[in-house]
Amino acid sequence: VQLVESGGGLVQAGGSLRLSCAASGFDFDEYSIGWFRQVPGKEREGVSCISTSDSSTWYSASVKGRFTISTNNAKNTLYLQMNSLKPEDTAVYYCAVIPRRGYLGVVVPRPGYEYDYWGQGTQVTVSS
């Protein structure tokens with residue numbers, strides 16, 4: 001499994017960024033894939049996830065209405081459109097996957113359903 005994130009950068013508050021995650025080495029159609037973020041000294045948190053089967057989605061409360069997750073299954077690529085960015089969105093953003101094992105919907109990250117494979121991350125910095 002290989003996951004390569006891109007698209008991070010520095011943006012002013014209120015601005016937008018689009019993250020991409022290029023996936024390879026596994027059957028993209030059989031997984032739930034998502035974005036997570038981490039700030040130094042804090043636990044990694046789930047941001048948004050999507051099923052590559054039925055495109056059902058999950059968003060954390062902190063980003064709902066501002067971020068949009070999507071995939072291009074033909075290109076094995078995951079995206080995260082981030083609008084109305086806030087300084088508290090500053091973090092390293094990672095994409096990760098978990099096999100759905102026959103379940104069609106999005107796998108919401110929670111104890112017992114930890115995402116297995118991770119990319120190297122991309123830094124997002126939002127200035128005030």
Side-chain angles (χ1 to χ4, degrees):
V1 174
Q2 187 173 18
L3 302 166
V4 180
E5 301 95 336
S6 61
L10 174 63
V11 64
Q12 287 189 332
S16 299
L17 280 175
R18 189 192 195 204
L19 304 183
S20 298
C21 173
S24 61
F26 63 100
D27 190 344
F28 193 76
D29 295 337
E30 297 295 326
Y31 281 70
S32 185
I33 186 168
W35 292 99
F36 298 74
R37 65 188 182 187
Q38 189 168 24
V39 175
K42 292 189 176 181
E43 286 192 4
R44 187 162 49 197
E45 64 169 344
V47 174
S48 181
C49 301
I50 186 169
S51 166
T52 57
S53 174
D54 66 6
S55 297
S56 54
T57 57
W58 168 84
Y59 293 92
S60 70
S62 61
V63 306
K64 201 167 188 178
R66 299 188 297 123
F67 292 9
T68 302
I69 193 170
S70 62
T71 61
N72 183 327
N73 285 18
K75 295 184 177 181
N76 284 9
T77 303
L78 171 72
Y79 303 100
L80 186 68
Q81 179 66 44
M82 305 186 295
N83 298 329
S84 302
L85 282 161
K86 305 175 181 180
E88 50 264 43
D89 294 318
T90 295
V92 178
Y93 284 70
Y94 300 88
C95 69
V97 297
I98 185 172
R100 288 183 284 103
R101 305 191 190 286
Y103 176 64
L104 296 180
V106 62
V107 178
V108 177
R110 59 195 189 278
Y113 294 87
E114 291 84 4
Y115 277 56
D116 297 312
Y117 300 99
W118 298 84
Q120 83 290 345
T122 186
Q123 176 71 48
V124 171
T125 303
V126 184
S127 62
S128 57

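Values below: every heavy atom of this structure, side chains too, minus hydrogens, waters and symmetry copies. Starting from 1, each residue takes its place in the sequence as its number.
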Indicate yes or no for a side-chain donor-acceptor contact from [X] to the backbone of [Y] under 3.5 Å, with no hydrogens or angles considered.
| X | Y | value |
| --- | --- | --- |
| Arg100 | Tyr31 | yes |
| Glu5 | Gly121 | yes |
| Ser20 | Ser6 | no |
| Thr125 | Thr90 | no |
| Asn73 | Thr52 | yes |

If we count only N and O atoms by modelled type, under 3.5 Å, do the side chains of [X] and [Y] hold a donor and an acceptor together?
| X | Y | answer |
| --- | --- | --- |
| Ser60 | Ser62 | yes |
| Asn83 | Ser16 | yes |
| Ser32 | Tyr115 | yes |

Linking I/L/V/M/F/W/Y whenever their side-chain heavy atoms sit closer than 4.5 Å, directly or via other members, would [X] and [Y] fall into one cluster?
| X | Y | result |
| --- | --- | --- |
| Trp118 | Ile69 | no |
| Leu10 | Leu17 | no |
| Val107 | Leu78 | no |
| Val4 | Val47 | no |
| Tyr59 | Phe36 | no |

Locate the shortest heavy-atom distance separating [X] from [Y]; write the atom from each residue and the value.
| X | Y | answer |
| --- | --- | --- |
| Ser48 | Leu80 | CB-CD1, 4.3 Å |
| Ala91 | Gln123 | O-NE2, 3.4 Å |
| Gly8 | Leu19 | N-CD2, 3.6 Å |
| Asp116 | Ile98 | OD2-CG1, 3.8 Å |
| Phe26 | Val97 | CZ-CG1, 3.9 Å |
| Val106 | Ser56 | N-OG, 2.9 Å |

Looking at [atom1] of [X] and [atom2] of [Y], how far apart are the two atoms once the value is rounded to the nearest 0.5 Å?
| X | Y | atom1 | atom2 | result |
| --- | --- | --- | --- | --- |
| Arg44 | Arg37 | CZ | CZ | 13.5 Å |
| Ser55 | Ile50 | OG | CD1 | 5.0 Å |
| Glu43 | Gln38 | CD | CD | 8.5 Å |
| Gln12 | Ser128 | CD | OG | 9.5 Å |
| Tyr117 | Gln2 | OH | CD | 13.5 Å |

- Query: Are there more than 12 heavy atoms of other residues, nucleotides or ligands under 6.0 Å from atom CZ of Arg110?
  - Reply: yes
- When you look at CD of Glu114, are more than 12 heavy atoms from neighbouring residues, nucleotides or ligands closer to it than 6.0 Å? yes
- Task: For Met82 and Val11, run side-chain contact (heavy atoms from CB on, under 4.5 Å): C-alpha distance rounded to whole Å, both residues' side-chain angles, the deciding distance at 0.1 Å, then the answer.
- Result: CA-CA 11 Å; Met82 305 186 295; Val11 64; over 6 Å; no
- Message: Taking the ring centre of each residue, are Trp35 and Phe67 less than 6.0 Å apart?
- Response: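 No - the distance between ring centres of Trp35 and Phe67 does not fall below the 6.0 Å cut-off.
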- Test Leu3 against Tyr94 for side-chain contact (heavy atoms from CB on, under 4.5 Å), laying out the working first. CA-CA 9 Å; Leu3 302 166; Tyr94 300 88; over 6 Å; no
